[in-house]
Number of protein chains: 2
Amino acid sequence: MARTFGSVGKETEKRVLKEALTLFAHHGYAAVSMRQIAGQCNIQAGALYNYFPTKQSILHGLMKTHMKDLLLALDAEPLLEQPKAALESFARFHIRYHIDKPEGVFVAYMELRNLEPEPYAEIMKLRQKYERFLRKILRDGQASGDFKIDDVPVTTMAIISMMTGVNTWFRYGGRLGIEEIEKIYVNLVLSVVGLEPVNVMPRLEETV
Amino acid sequence: MARTFGSVGKETEKRVLKEALTLFAHHGYAAVSMRQIAGQCNIQAGALYNYFPTKQSILHGLMKTHMKDLLLALDAEPLLEQPKAALESFARFHIRYHIDKPEGVFVAYMELRNLEPEPYAEIMKLRQKYERFLRKILRDGQASGDFKIDDVPVTTMAIISMMTGVNTWFRYGGRLGIEEIEKIYVNLVLSVVGLEPVNVMPRLEETV
DNA sequence: GTCTATAAGACGATAGAC
DNA sequence: GTCTATCGTCTTATAGAC
């Protein structure tokens with residue numbers, strides 16, 4: 001074979017994004033150097049610039065991909081009319097997605113302040129689109145009388161904060177599995193809008 | 001006067017901590033340089049080392065002060081026996097304190113990963129002490145039958161995440177004042193443990 | 001597409017004058 | 001206690017060989 005088929009470059013680019021995501025999630029964007037990223041990819045720092053013009057563009061790319069993927073996955077979910085069913089479905093989706101992609105979630109939230117103004121505005125728009133989805137569910141449920149909500153915008157942020165917080169403590173192999181956590185959070189979210197839990201949980205051994 | 005009375009040094013040290021806190025909260029510890037901190041204090045970078053042996057020690061000092069102050073303020077709150085009253089009081093305290101000290105809260109949470117192992121362990125112990133306080137309230141309320149809770153540890157983290165999230169969106173001069181936000185969050189927290197809101201909120205004009 | 005080498009400057013931290 | 005000056009190292013990004 002005279003030349004390399006199957007672009008090696010695309011493979012490297014994906015590898016760079018993967019390793020950068022892990023490094024940014026663990027140490028923070030500002031604390032990670034281009035040399036470190038290159039080292040994790042087994043290439044030299046200079047080679048990174050074949051794919052990304054600046055370090056900032058790596059961060060921006062990661063955050064944009066994360067938010068776009070999140071919104072695409074949300075779009076792929078079945079759209080439910082009934083407010084309680086819609087809220088339950090959204091809660092399940094959010095918990096599952098956030099447990100599934102902890103590094104992306106972490107970076108997309110923690111590194112907002114390291115984005116330059118234009119990328120920042122773009123990512124914030126995507127975030128707001130996601131928040132609007134929940135806000136609409138809450139507004140519909142409030143209008144239909146299904147939910148008891150004092151203030152829809154605040155409750156929207158509260159629910160998202162509560163659920164996203166799962167990433168700060170969840171680790172695989174702990175006391176609870178994903179299915180159990182999903183159930184617990186769904187009930188927490190339903191409680192927040194004044195609804196009864198969907199089913200009773202088995203009582204588990206706990207320690208303070 | 002032959003010599004300076006009233007230690008100028010202590011003033012400078014306080015100023016350094018104040019400016020460093022603001023800078024760390026806005027740009028992140030790793031993205032802020034000693035020269036920047038010194039610049040905000042109108043001194044030269046070398047002078048910082050009269051007060052702090054390393055940059056890391058500034059961060060550690062800020063986080064330790066924040067957590068100690070938080071726990072001291074919590075200790076100063078009246079201790080209520082009745083689970084519902086205790087939970088309501090804790091929720092009010094948390095919201096008020098977190099709205100009051102947004103920079104400290106932000107740094108204490110976001111910069112954990114930039115702490116070296118020993119300071120990290122110390123700060124985590126203080127965090128856990130705070131979390132245990134809420135966990136005890138929830139456990140008491142569950143035991144007495146006042147609260148309906150699936151899982152106390154998860155609910156503890158969920159409530160703290162939900163409430164701390166107020167810092168991501170609250171700005172003075174917005175649609176809601178602190179008193180209103182406090183009320184809304186108290187009701188959210190009570191709902192989470194299966195209790196009725198303490199009183200009905202006035203319906204406010206909102207936008208999607 | 002990846003390498004080596006390097007430019008141009010910022011970094012944390014220190015030394016010594018005053 | 002603060003200054004200026006500096007050490008040694010690290011940084012992002014580029015240039016040019018292969």
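As the structure is a computational prediction, the values presented were derived from the model and not from experiment.
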According to a strict under-4.0 Å criterion, is A:Q44 in side-chain N/O contact with OP1 or OP2 of C:dT2? no
Provide, to the nearest angstrom, the distance between the NZ atom belonging to A:K10 and the C1' atom belonging to C:dT2. 17 Å
Using every non-hydrogen atom in the two residues, find where A:V189 and A:A91 come nearest and quote the distance to one decimal. CG2-CB, 4.1 Å
B:Y49 vs D:dG1: side-chain N/O to OP1/OP2 distance below 4.0 Å: no
So which nucleotide from D:dG1, C:dC3, C:dC11 ends up closest to the side chain of B:N50? D:dG1
Check B:E180 with B:K183, please: is the shortest side-chain N to carboxylate O separation under 4.0 Å? no
Establish, with yes or no, whether the OP1 or OP2 oxygen of D:dT11 is under 4.0 angstrom from a side-chain nitrogen or oxygen of A:S33. yes
What is the distance, rounded to the nearest whole Å, between atom CD1 of B:I37 and atom C1' of D:dT2? 17 Å
Among the nucleotides C:dT2, D:dT6, D:dA13, which one has an atom lying closest to any side-chain atom of A:T12? C:dT2
Which nucleotide in D:dA13, D:dC3, C:dA13 has an atom nearest any side-chain atom of A:K55: D:dA13
Is A:Q40 reaching over with its side chain to a backbone N or O of A:E19, donor-acceptor style, under 3.5 angstrom? no
Would you confirm whether the ring centroid of B:H94 sits within less than 6.0 angstrom of the ring centroid of B:F133? no
Examine C:dG1: is either OP1 or OP2 under 4.0 Å from a nitrogen or oxygen in the side chain of A:Y51? Give yes or no. no
Which part of the nucleic acid, if any, lies within contact of A:F52, taking any heavy atom under 4.0 Å across all strands shown: a base, the sugar-phosphate backbone alone, or nothing? nothing
